[in-house]
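Working notes, beginning with the structure itself.
As a basis for the values below, the full set of heavy atoms in this structure was taken, side chains included, without hydrogen atoms, waters or symmetry mates. Chain identifiers are assigned alphabetically (A, B, ...) following the order of the sequence lines, protein sequences preceding nucleic acid strands; residue numbering begins at 1 within each chain. Source: prediction; values computed, not measured.
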Number of protein chains: 2
Amino acid sequence: MSTPLSFPPSVARQLSRRSVFEALLHRSPISRADLAKVTSLSKQTMSEVIDAFEQQGLVRPVGRTRGNVGRTAVLYELSPDSGQVLGIDLGAQRLTVALADIAGRVLAEADEPTDSRGGAWTLDQIARLSDRLARDNHTHPSRIRSIVMATPGVVNPKSGAIEMAPNITGLDHLNVVGLLGEKLGSPAVLENDINLALLGEIWHGCARNVDNVAFLALGSGVGLGLYVNGRLVRGENGAAGEIGYLPIGGDPLQAESRLQGCLEYQIGAAGVVRRYREAGGSEVGSERQVFERAQTGDPTAATVVEETARLTALAAAAVIATVDPQLLVLGGSVGSRPDFADKVARLVLQLSARSVEIRTSTLGRRAGVVGALSVALRRLHDEIFGVAELTTALPLPPPAQRSASQ
Amino acid sequence: MSTPLSFPPSVARQLSRRSVFEALLHRSPISRADLAKVTSLSKQTMSEVIDAFEQQGLVRPVGRTRGNVGRTAVLYELSPDSGQVLGIDLGAQRLTVALADIAGRVLAEADEPTDSRGGAWTLDQIARLSDRLARDNHTHPSRIRSIVMATPGVVNPKSGAIEMAPNITGLDHLNVVGLLGEKLGSPAVLENDINLALLGEIWHGCARNVDNVAFLALGSGVGLGLYVNGRLVRGENGAAGEIGYLPIGGDPLQAESRLQGCLEYQIGAAGVVRRYREAGGSEVGSERQVFERAQTGDPTAATVVEETARLTALAAAAVIATVDPQLLVLGGSVGSRPDFADKVARLVLQLSARSVEIRTSTLGRRAGVVGALSVALRRLHDEIFGVAELTTALPLPPPAQRSASQ
DNA sequence: ATTGATTCGTCAATAGACCGAATTAATATG
DNA sequence: CATATTAATTCGGTCTATTGACGAATCAAT
């Protein structure tokens, strides 16, 4: 329970390093004098810290100031080759990989169709694509120090293993984290794709600087990412946001509802197609066609789309009533269609007691990789400058406690 | 943005003090030698810290060790009069007040019917009762250093003001925080009563040591408290957990639904009574009688109760699908009825994809005050030993960032 | 070209905080 | 009563950060 480690004076140095690093992260080419001002550390301390950083290869000089009165200052920035991170988005159709340096500068991105054979083939494909990406960018895979992969399905927050990956075959029984880390030579972590898309929107997308966000993704399935109090909500089993199981749109005790979720049975891609067929619509290959036909005047399709929007809005209203987010982001291949998102937004505002801001995803299918990068980056930073042990709130004593005196 | 204060070596001392305090909190009569072991600080440092604490009046010696080989050690405990906190639960019917010392030992508790005139009378009543409680316990109101009050309705998380208090008249337009703090002579904070009941169960009740809890309270109204990632979820407007507005149990666009909430219209106390009347039941004064009649064989009442349980379970299932808690606690005057809770629990397990532990509140109507005490205590601790500025995660740089070199 | 103002960065001195080792104090045990 | 054992203090040394003084490098003006 109680903190196992002592606090030698070096915590102070650790904190100093941390705040210098943070300043470097945000105002990159910067002089030691300015760093001292920003961090309100002394110039002296600053020189010591920067020297250490430079010896470590974390930081490098980039030119000097010019034009100002007074002596010129040496400018520093985070060294791009001091550490890199890899983000992977493993989708059922598409595999995307991106590389960023320690300062969060995105160096490169690549994607290709996912190997449909699944299992070990998929892992091989990931390794190959990542490797190529690194080499094409004049860097070496060994520089990569943190890897995060977005995957559909439920990721167990304790073991980090994939528990249900409906659309990618043969991954549930593999030690994906272990194998991936081994193949790529650095620690890898998995996270649900919707959660990472949400984090992507928070870092680079439409949800910047918002602390309470709900991300509703509607595509082949329906899912929710939750960001509350500035932190991702995973849930006890990693199953937070599995709103396919919301008791909305049908009888939740029915067989289909129990199997794939009451709501998902209706508004998932398969559900949309089924409802269109049941309503007498002609044969379609995918849910996309239903939406396209609705736009070109097919009344049956329009009704199906309308009902889909209504159910989506009900789900959104349920989430809003439960967590009261500041912002609702609509995403996914269906959810981010402008016509559809508009309908949903209008309905949500009618349904909710208080008004919520609603936006559509700006990163689209890139959201997953970007989010993966952001987590990989954060993990790397924590590894170098972590102060996790110090941050926990003072736990209150258990009830049994009674005064020893009197 | 960046940390405004510097880190003189005294952060180290602050952290040491903090961890010594924590150890004192949990293993109260304890010697300096043992403290040194537990915190893994040196005996030397420990003596310095304890000396300072003693001078400050935070700690006091209580006897010595006996019976062991070697020199006896002086035992210390947190001094009960070094700081006290007050918890208040302002209910529509009942006003409860409790006093605890800095170590979380509950010193006294008192309650009486709420002054039905509301507004300023209620505030006066609170001040009077609190004052009496302090004096009856040989302490002085001036020793109280932190006050937290539970109140029904939505509390704005930014201003701390009551925004909707449906059952207590004349409080919404008063500066309750200010007046209360003034009357009682120390800083006061408001929090929603269900949120505090949840925190009460987490501190002293049935949800100890659980990090993801949903507390579903069903009484005159219906509400939810959410505890996620070890923190309370308030929502952007303090309206998280307003599940009366879940689109369950009726048409969410209907006038009643929009006004008081779709779900609440059905399963709130008024809704239960109304449904019983509509189903042909004889006249009843309160929802309680409906539940009692159901138990004594009234078939109409039984049907109404059954439907209430079903809707409650649907709401619970919605919450579980959204946040995936480890534990669901049922509370409130209706929700904690054993017969009712059993029904709901059975239904929830049928409805949810994965099994969740379900318990009923163990603190009952005390939950609110206990939770208020826990928050008041935490605020006091943070005031003395806060390290809040250091705990924020390293923010990632914004997307605009580009390398200055090349 | 010289001088002055201004800013950058280092040096040296000092204070706060920690630890480990040695020392003194107080007790139980044989 | 001597001895082992544990508690607490004293002392010396290390690490970190601050402060003020000072040299170095530049722009601006004479």
Determine: side-chain N/O of [X] to OP1/OP2 of [N], distance under 4.0 Å, yes or no.
X	N	result
B:S47	D:dT9	yes
A:T65	C:dT7	no
B:S16	C:dC18	yes

In whole angstroms, how far is the [atom2] atom of [N] from the [atom1] atom of [X]?
X	N	atom1	atom2	value
A:I50	C:dG9	CD1	C1'	12 Å
A:M46	C:dT10	CE	P	12 Å
A:L35	C:dT7	CG	C1'	15 Å
A:K43	C:dT7	NZ	C1'	8 Å
A:K37	C:dG9	NZ	P	10 Å
A:R13	C:dA17	CZ	P	17 Å
B:L75	D:dT6	CG	P	16 Å
A:R17	D:dC15	CZ	P	16 Å

Legend entry - Stepwise side chain to side chain contact (heavy atoms under 4.5 Å, CB included) test for A:L78 and A:L25: CA-CA 7 Å; A:L78 291 169; A:L25 218 44; 3.5 Å; yes

Legend entry - Heavy-atom donor-acceptor pair, B:Q44 side-chain to C:dC18 base, under 3.5 Å: no

Write out a two-atom table: protein N or O, nucleotide N or O from nucleotides 27-30 of chain C, distance below 3.5 Å.
from	atom 1	to	atom 2	distance (Å)
C:dT27	O2	B:G70	N	3.4

Legend entry - 4.5 Å side-chain heavy-atom contact, A:E201 and A:V213: no

Inset, instruction - Working to the nearest 0.5 Å, report the span between CG of B:L133 and OG1 of B:T139. - result: 9.5 Å

Legend entry - Minimum-distance nucleotide (side-chain atoms of B:S42 versus D:dA8, C:dC19, D:dT18): C:dC19

Do the charged groups of [X] and [Y] touch, with an N to O distance under 4.0 Å?
X	Y	answer
A:K158	A:E236	yes
B:R105	B:E77	yes
B:D382	B:R379	no

Inset, instruction - Apply the side-chain contact (heavy atoms from CB on, under 4.5 Å) test between A:L196 and each candidate in A:V369, A:I88, A:V375, A:L190; give the one that qualifies. - result: A:V375

